[in-house]
Every structure is written in C-alpha cells, then in structure tokens.
Amino acid sequence: LGKKMFVQALMAPEPPPGESSSDEDKPFECLVCLLDVRHREGPIWVCRCGPSFCAGCYTQLGGAAAPCPTCKSLLGDLRNRGFERIRDKYQHQLQKNKRAAAAAAAAAAAA
C-alpha cells in the first residue's frame, strides 16, 4: 500500500452503516460481506492469495480450516496487521474529527 493511497484511505469519508465501500476503498473491503474493514472491530484476516476478511466473516467461513472463497486453499491464521494499523489510525482520526466538530458546535452555541 503506497503512502498516497494510505493517506487517501485514512481520510476517506465514512460510508453510512451497512453500506459497502466505494471503488476507491476496495482494498479495505471484506471479500465476504463487502463492508469496509476500517469500520469493523477485531482482527482482519487475510488469505495468502490476497483477499481480506473481517473477524465475523472469517469466523462464519470456519476460520483457519476453511477454504478461501477465491483460491480454495485453507485460509490459515494470517492476520492483516497492516490493515489493522490503518484501521486503528483511521478510527482515531474519525474520533478526533468528531471531538473537534462537537467543540466547534459548543463554541458556536455559546456565542
């Protein structure tokens, strides 16, 4: 994941809950539920062939012993720590933005 893509992903707007991610967010999409893994909690799993899975879908598929929907090899227990770090930074930035917006609204109301 290049630096430019990382920054764009980090600052991408939050999709409404339950909606799949946009074309620009495809790298962050769970292969099964098609939701943006940056909005999901828990580990992000990855198959050796590339696709990522949110914790819920990984468990539903059968975990490490399940076949990958793409390549049919066993999923194994590889976590996508890079995406987990991106998700954590993304969620931190969202919280920071929400606090700033709340502070601005409070200041406007007080004025």
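Residues: numbered from 1 along the sequence shown.
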One pair to check against side chain to side chain contact (heavy atoms under 4.5 Å, CB included): Gln95 and Gln91. What are the steps and the verdict? CA-CA 6 Å; Gln95 291 302 317; Gln91 289 180 356; 5.7 Å; no
Summary of ring-ring contact (aromatic ring centres under 6.0 Å, His included) pairs that have at least one residue in residues 91-111, sequence neighbours excluded: none
From Cys47 atom SG to Asn80 atom CG, the distance as rounded to the nearest 0.5 Å: 11.5 Å
Quick check on the hydrophobic clustering: are Leu61 and Leu31 connected, directly or via other members, by side-chain heavy-atom contacts under 4.5 Å? yes
Do Cys30 and Ser52 have side chains that get closer than 4.5 Å, going by heavy atoms? no
Main-chain N/O of Glu29 paired to Arg38 side chain as donor or acceptor, under 3.5 Å: no
How would you list, by chain and number, every residue that makes a side-chain hydrogen bond (donor to acceptor under 3.5 Å, both in side chains) with Glu84, sequence neighbours excluded? Arg79
Considering only residues two or more places apart or on different chains, which pairs with a residue in residues 62-74 satisfy side chain to side chain donor-acceptor pair (under 3.5 Å)? none
Test: ring-ring contact (aromatic ring centres under 6.0 Å, His included). Region: residues 47-72. Which pairs qualify, not counting sequence neighbours? Trp45-Tyr58
Under the side chain to side chain donor-acceptor pair (under 3.5 Å) rule, what pairs show up with a residue in residues 101-111, not counting sequence neighbours? none
So, taking the atom named NZ in Lys98 and the one named CG in Leu94, what distance separates them when rounded to the nearest 0.5 Å? 6.0 Å
Greater than 12 external heavy atoms within 6.0 Å of Asp88's CG: yes
Can you measure from CG (Leu75) to SG (Cys57) and round to the nearest 0.5 angstrom? 11.0 Å
Test side chain to side chain contact (heavy atoms under 4.5 Å, CB included) on Cys33 and Cys54; report intermediate values, then the result. CA-CA 8 Å; Cys33 67; Cys54 67; 3.9 Å; yes
With sequence neighbours excluded, tell me which residues meet salt bridge (charged side-chain N to carboxylate O under 4.0 Å, His left out) with Arg48. none
